[in-house]
Amino acid sequence: MTRSTGRIAGILLSLTLLLLCARPASAIPAFARKYGLPCSACHEAWPKLSNFGQVFRDNGYQLGNDRDSPIYQNPGYWPIMFRTSTQWHRETFDRFPLDSIPGNPNSPTVESNITTSGFDLTGIDMFAAGTLYKNISFGIQPFIDNTGRIHLETAFVRFDNLLGSPWINLKFGKFELDNLISERRILTLDNNGFYQLYHFKPAGDNNIFGGLGSNQLGVELLGHSRNSYTRYSVSLLSSTNGAVNLPTNHTYDVYADFTQGFEIPGLGLQRVGVYGYFGKSPTYFQTSGGNAIPGTGSGNRSYYRTGVYGLWYIGKFDFSTFYMHGQDNVFLGNGVRADQPFNLPLGAAGPSWNGGFVEAHYTYNPRLILISKYELIRMSRQANPSRADNFGNLDTWTIGYRWYPFMSTRAGLAWLQEYSRTQTAGTAPLSGLSSTSSSYLMGFDFDF
Amino acid sequence: MRFRTLIPRVLGLLLLACSVASAQESHIGDLTGHANRGKALYERYCIFCHGTHGDGRGESAAYLDPKPRDFTQATYKCRSTPTGTLPLDSDLYDTITRGVHASGMPSWNPLTRQQRADLVAYIKTFSSRFTEEKPGAPIPIPAEPPTTPESVQRGADLFQSMNCWQCHGKEGRGNGPSAVSLTDTKGYPITPFDFTSGPRFKCGNSDTELFRDLVTGLDGTPMPSFTDALKPDQIWDLVHFVKTLAKGNTVQAVQSTPKGNQ
Amino acid sequence: MKRSLPFVISTAALLLLATAGIAAGPGPDAGGGSLSGVVKFQGTAPMPMRIQMAADPACSKSHASPVMSEEVVTDGSGGLANVVVYVSDGLGDKTFDAPMQPAVLEQKGCVYEPHVLAMRAGQTLKVVNDDSTTHNIHPTPANNREWNKSQPPGLTIEETFARQEVSVPVKCNVHPWMKSYVAVVKSPYFAVSAKNGSFEIKDLPAGTYTIQAWHEKLGTKSQQVTIGANESKKVEFDFR
C-alpha cells in the first residue's frame with residue numbers, strides 16, 4: 001500500500017513541478033525539417049494531429065505552397081525519421097496459471113500473481129514519407145521490433161488531388177485504415193500503443209483479421225474538403241490482414257469511413273465520424289501432404305466491425321469517443337471449418353460485442369499533455385453458449401502524461417509516465433474469475 | 001501656454017487609450033480576435049519562423065528564402081491600403097488564410113476563423129505603429145473592363161514604358177537588366193516575379209488581387225505602387241497583359257500582332 | 001445658460017488665437033547665433049566608380065561625359081561634401097513646425113539631385129522626374145514608414161517623413177545605380193556641406209548643443225558647442 005501511495009505521490013509531485021516549469025514553446029521531424037515548421041504546428045502534442053496536420057496529411061504530406069515537390073528541397077534532405085522509446089516498466093498479472101512445482105508439468109496448476117519490472121526497449125519505427133513529385137506522395141514504414149525483427153508496416157504510393165480536386169486521392173499499397181482516432185498516433189505507449197477495440201477477438205475466435213488497428217493491403221480512395229472538415233474514404237483490401245505473399249485467397253474486404261467537422265464558437269472544432277469494415281476470412285485451407293497451401297483459403301465466412309466516433313474540443317480539453325459493434329461469423333467465432341458444421345458446439349452462434357472508449361486530454365501547452373482513457377468491451381452474444389454471458393468482457397483504464405522538454409523543428413523528445421489496468425471477465429483459467437493485469441511505465445519517447 | 005497644449009494632450013491620450021484597446025483586438029467581418037488568445041496560437045504555430053519577438057528571426061529563418069516577415073516593422077506586402085500605410089485587419093487575415101505561394105508560409109486555412117482572427121490581433125502587437133496610426137484607406141477597385149486584344153496591347157505598351165521589363169524582363173521571366181541587383185528592404189536578394197510560371201502570385205491570383213498589387217505596391221520589396229503613375233483603366237490593361245505572359249506570350253509577340261486583329 | 005455676445009465673441013477669438021498659436025508654434029529666435037565651419041577629409045579619397053547606365057538608353061544618352069558615383073565627394077583640397085551637420089541634442093523638447101514649402105529631390109539623367117537632401121520632419125518632400133524614363137522612388141527608412149512609388153516622366157510625387165532620421169536611404173529599383181539620402185531633422189538647425197566642405201547653421205538660440213556630422217560612408221562625428229546670443233562660432237569636423 002505504502003509503495004503505491006508513494007508512487008502516486010511521486011507522480012503528482014512531478015506533475016506539479018512540470019506545471020510550474022512548463023513554458024510555452026520559444027512528430028514526423030522529417031516534415032518539420034523540410035518546411036521549417038515545429039512539431040507543434042501539425043501535432044497538438046505529437047503524435048496526435050491538429051487539424052493543420054490532418055490537412056497536411058490528407059493533402060498527401062503537402063502544404064500546397066508550391067514548395068512540396070522534391071525539386072524544392074535541399075538535395076541533402078532525406079525524408080526519413082526514426083522513433084523509439086526507452087523505458088522502465090513494471091507489469092503484473094494475477095491469476096496466471098503456474099505449475100505449483102516449477103519445472104514439473106505434472107504438478108497441479110495454480111493461479112498465481114506474476115510481477116516483473118525493469119528497463120526495456122520498444123521497437124524502432126522508421127517512417128519515410130513525403131512527395132515523389134508534386135501531388136504524388138509516398139510512405140514507407142519498416143518496423144523493427146524490440147527483438148530486432150523487421151517487418152513492413154506501411155508501404156504505399158498515393159496520387160493526390162486528382163483532377164485538381166482534394167476529393168479524389170488514390171492510395172495503393174499497405175497502409176493504415178483511415179481513422180481519425182488512429183492507433184498509429186496514440187498518445188499512450190502501453191502495449192506499444194494500443195486500443196483494445198482495434199484488435200479485439202473473443203476467445204476461441206480464429207478470424208485472421210487483426211482489427212482496425214492492423215494495416216491492410218489494398219487501394220483507398222479518399223476525399224476531403226480543403227480544411228478537412230468533411231472527409232470520406234473507401235478502401236478495397238485483400239482479405240489477408242495485411243500479410244504478404246497472398247497467403248489466404250482472392251477475396252476482398254471493404255472499409256469505409258466518413259467524418260464531418262464543425263465549429264462550436266468558443267469551444268473549437270468538433271468532429272463526428274462513422275465507419276464500417278466488412279470482410280471475409282477463410283476457415284480452412286487446401287493441403288498437400290497435410291500441409292496448408294497458401295493462397296487456397298476456403299470456407300470464407302464474413303464478419304464486420306462498425307461504429308461511430310467523435311472528437312470533441314473544449315478549449316484545452318479534448319475528448320475522443322469511440323463506439324464499435326463487432327460481429328464474427330459462427331464458424332470464425334468457434335474456430336471451426338465451414339465444411340464441418342458438425343464440429344460446432346450445440347447452440348453455437350456468431351459472437352458479437354459492443355465496445356467503446358473515452359479518451360480525455362488536457363493540453364496545458366504544446367509541451368505538456370495529460371492523458372486518461374477508459375475502454376470497455378461487452379460481449380452481447382457468446383460464440384459458445386456454454387460460456388458465461390460475460391466471458392471475455394474487458395475493462396481497461398489508463399492515466400498518464402507526456403512532457404516535451406523542448407519543441408523544435410528538428411527532433412522530438414517526450415518524457416512520459418503511464419499507469420494502466422486491464423480486467424477481463426471469466427478468463428482466469430482455473431477459477432473462471434476475472435484476470436487483471438496492470439502496467440506502469442516511465443521513459444523517453446524520441447524521434448528525429 | 002498650458003491651454004494651448006492641454007486639449008490636444010487630452011484628446012491624444014483618449015485616442016491612444018482607444019487605439020491601444022483596439023490594438024489588442026482585430027476585427028474581420030463579424031469576427032473579433034483577441035491578442036491574448038492569439039499569443040498561445042502564435043507560440044504553437046508561428047514562432048519558429050517569425051521569432052519569439054515577431055522579428056522574423058525564428059529558429060528556421062536562417063534556412064528560409066524568402067525570409068519570414070518581420071512584424072516589428074509593420075511593413076507588409078499584401079495590403080489593400082496605399083503604400084507606406086498599415087494594412088487592414090482583413091489584409092493580414094487573408095494572408096494567413098491564403099498563405100504565401102512559393103515561400104515557407106503555408107495556408108493556415110485549417111485553423112478556425114476565430115483562431116486566425118486571434119492571430120491577427122496578436123501579430124499587430126509586435127509593432128507600436130498599430131497603436132499610433134490608423135490603417136490606410138482601402139484603395140477603390142473599379143469594375144474590371146473586359147479583356148480585349150486592345151487592352152492587352154495597351155498593357156504591353158505600358159509594360160514597356162513603365163519600365164516593368166527592367167526588372168521583370170522582356171518576356172516577364174523575372175530576368176530583366178536590374179533583376180540581379182534587387183534586394184528587399186532587409187538587404188536580402190530578391191527576384192522579380194516570373195510571369196511565365198503561372199498563377200503563383202504571392203498576394204493572390206485573381207485579377208482583382210493583381211490590380212490591388214499594382215496600386216498598393218508590395219511594401220518591403222522593390223515592387224512599387226503605381227497609384228500616382230497610372231489610371232485605373234491602365235492598371236487593368238497591365239493586369240490583362242501580364243496574365244497572357246503565363247501562356248507564353250511576350251511583349252514582342254503582342255506588339256507584332258497588328259492591332260484590331262482577333 | 002445665457003451667454004452675452006461679447007463673451008461669445010471673445011471666447012471665439014481666444015479659441016481662434018489658441019488654435020492659430022498651436023498651428024504656428026515657436027519659430028527660430030531672431031537674433032540667434034550662427035554656427036559655421038568646414039568638414040574636412042584627410043587622406044586619399046577613394047576613387048569614384050564609373051556608373052554604367054547602358055541598361056536604360058534613356059539614361060545613358062543624357063550624359064556626354066562619364067557619370068561617377070558620389071559616395072565620397074571631395075574638392076581635392078581637403079573639403080568633404082554631402083555631410084549633414086545638425087543639432088542632435090540641446091534643444092530640449094521644443095517642437096518646431098514644418099515649413100510650408102517642400103524640399104525638392106530631382107531625378108535628372110537618372111541621377112538624384114541633390115545626392116544628400118536635408119529636410120524637416122513633417123515637411124513635404126517633392127520628388128520630380130525630369131527624365132524621359134520611368135523611375136520608382138523607394139526610400140527605405142528605419143524610423144519612418146517605408147513607401148515605394150512608380151514615377152513616370154513628368155509626374156511629381158509628394159510625401160513626408162514624420163520622424164527625425166539621419167539618414168533615410170533612397171533608391172530606384174529600376175536603375176540600381178541611383179542612390180541618395182534624405183536626412184530628416186526635426187529642428188531647423190541643420191546644413192549640408194558644400195563641395196568645399198563649408199556649411200552654416202543660422203539663427204541658433206543661445207545654449208549648449210551637441211552637433212553631429214553624418215556622412216553616408218565615413219560615419220558620424222560629434223561635438224559639443226556652446227553658443228551665446230548673436231555669437232558666430234566656427235566648428236570643424238574631420239573625417240578620414
Side-chain angles (χ1 to χ4, degrees), chain A residues 23-26 32-45 49-59 62-69 72-74 77 224-229 261-270 313 315-316 363-367 406-410, chain B residues 30-34 36-53 56-68 95-119 122 194 197-202 205:
Chain A
R23 286 182 306 281
S26 54
R33 287 193 292 274
K34 178 177 172 183
Y35 294 105
L37 289 168
C39 307
S40 59
C42 293
H43 298 272
E44 286 162 12
L49 285 176
S50 64
N51 191 42
F52 183 75
Q54 185 64 50
V55 172
F56 175 72
R57 187 167 187 270
D58 288 346
N59 275 333
Q62 299 185 101
L63 281 184
N65 61 349
D66 221 29
R67 291 288 180 87
D68 302 308
S69 194
Y72 295 109
Q73 294 155 27
N74 186 312
Y77 169 78
H224 65 108
S225 61
R226 290 234 174 257
N227 59 3
S228 285
Y229 279 15
F262 53 93
E263 292 175 36
I264 297 184
L267 295 182
L269 174 65
Q270 324 298 327
Y313 287 81
K316 288 190 180 181
T363 311
Y364 176 71
N365 63 35
R367 288 169 48 209
F406 61 84
M407 190 58 59
S408 89
T409 63
R410 298 280 184 253
Chain B
D30 56 339
L31 287 171
T32 303
H34 299 276
N36 54 341
R37 285 205 302 253
K39 181 167 194 280
L41 292 166
Y42 183 87
E43 283 163 355
R44 169 182 280 282
Y45 294 111
C46 317
I47 62 167
F48 288 87
C49 293
H50 288 283
T52 319
H53 305 289
R57 297 177 51 186
E59 183 179 296
S60 308
Y63 306 99
L64 291 170
D65 177 36
K67 297 284 177 219
T95 301
I96 294 176
T97 305
R98 185 196 317 118
V100 180
H101 220 60
S103 81
M105 175 66 177
S107 157
W108 294 98
N109 186 46
L111 270 53
T112 66
R113 295 173 62 237
Q114 183 61 56
Q115 288 175 317
R116 284 175 262 149
D118 292 335
L119 277 169
Y122 183 66
D194 175 0
S197 63
R200 303 172 77 223
F201 297 94
K202 289 199 160 51
N205 295 324

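Throughout, protein chains are lettered first and strands after them, A, B, ... in sequence-line order, and every chain is numbered starting at 1.
- Ring orientation note: the planes of A:Phe52 and B:Trp108 are close to parallel, at an angle under 30° on the 30°/60° scale.
- Residues passing the side-chain hydrogen bond (donor to acceptor under 3.5 Å, both in side chains) test with A:Asn227, sequence neighbours excluded: A:Ser225.
- Both the backbone and the side chain of B:Thr112 come within contact range of chain A, judged by heavy atoms closer than 4.5 Å.
- In terms of heavy-atom pairs under 4.5 Å with chain B, the best-connected choice from A:Arg67, A:Arg226, A:Glu263, A:Gln54 is A:Arg67.
- Side-chain N or O atoms of B:Arg44 include one that pairs as donor or acceptor with a backbone N or O of A:His43 at under 3.5 Å.
- Contacts of B:Arg200 with chain A are made by side-chain atoms alone, with heavy-atom separations under 4.5 Å and no backbone atom involved.
- Between B:Tyr45 and A:Ser50, some side-chain heavy-atom pair lies under the 4.5 Å cut-off.
- Residues that satisfy the side-chain hydrogen bond (donor to acceptor under 3.5 Å, both in side chains) test with A:Asn59, not counting sequence neighbours, are A:His224.
- Heavy atoms closer than 4.5 Å to chain B are found in both the backbone and the side chain of A:Ser408.
- Chain B forms more heavy-atom pairs under 4.5 Å with one residue of A:Leu63, A:Thr409, A:Val55 than with any other, namely A:Thr409.
- When all heavy atoms of B:Tyr63 and A:Arg410 are compared, the pair lying nearest together is CE1-NH2, 3.0 Å.
- Rounded to the nearest 0.5 angstrom, B:Ser103 OG and A:Asp66 CG are separated by 10.0 Å.
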